[in-house]
Undergrad: 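One structure follows; several queries about it will come next.
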Amino acid sequence: MVIEGGCRCGEVRYTLAIDDLPLTYACHCHICQRWSGAAFSLQAVVAEAHLSVTGPLVLYEKVTEDRTSTQRICGTCHSRIYNTNTRRPGMAVVRAGTLDRSEELRCVAHIFTAYRQGWFPIPEGTPSWPEAAPMEALAALLTGRQRA
Ligand SMILES: [Zn+2]
Ligand SMILES: [Zn+2]
């Protein structure tokens, strides 16, 4: 099965060289709310080497204290597609809503829920953290090593 996605206008398309749709997590922090314009961002973490993109990507670099986040955006319609981060070399954080078949995605964790919009309830049984999740715990959930 080929996992594919793309931007709103269709000029940027990508494929993921993985066997099935990736598991995702929701981040409710204020930065993600501002960047997405939504209640939370829904993200999948994949090896950057497994991601191949065609189309007019442009870069936006955001430098904060100890890291640089490089956002990849469609140069035509400005949809954010994915980012890399100097704290996690080799990994790409894909905006999961850009995946084809996004209606089939599963969300296995919620982080920064202290900033959650009050109308959205965290589904019962789904792990959540008020601030950042420990990297290892989140990785275990996203790789399916630990069942949600
Ligand atoms: Zn586009
Ligand atoms: Zn966030």
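When a residue number appears, it is its place in the shown sequence, counting from 1. Note that ligands are numbered from 1 as they come in the structure, with each ligand's atoms numbered from 1 the same way.
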Undergrad: Return yes if a side-chain donor-acceptor contact under 3.5 Å exists between T126 and E124, otherwise no.
TA: no
Undergrad: How about C32: does one of its N, O or S atoms come closer than 2.8 Å to the Zn ion (ligand 2)?
TA: yes
Undergrad: With the Zn ion (ligand 2) at the center, what angle do SG from C29 and SG from C27 span, rounded to 10 degrees?
TA: 120°
Undergrad: Under a 3.5 Å cutoff, is there a donor and acceptor pairing between the side chains of Q33 and Q117?
TA: yes
Undergrad: Angle subtended at the Zn ion (ligand 1) by SG of C77 and SG of C9, to 10 degrees?
TA: 110°
Undergrad: In terms of side-chain heavy atoms, does T98 have a donor or acceptor partner in Y14 at a distance below 3.5 Å?
TA: yes
Undergrad: Could you go through Y115 and H28, starting from their C-alpha distance and side-chain angles, then the distance that decides it, and tell me whether this counts as ring-ring contact (aromatic ring centres under 6.0 Å, His included)?
TA: CA-CA 6 Å; Y115 311 93; H28 296 258; 9.7 Å; no
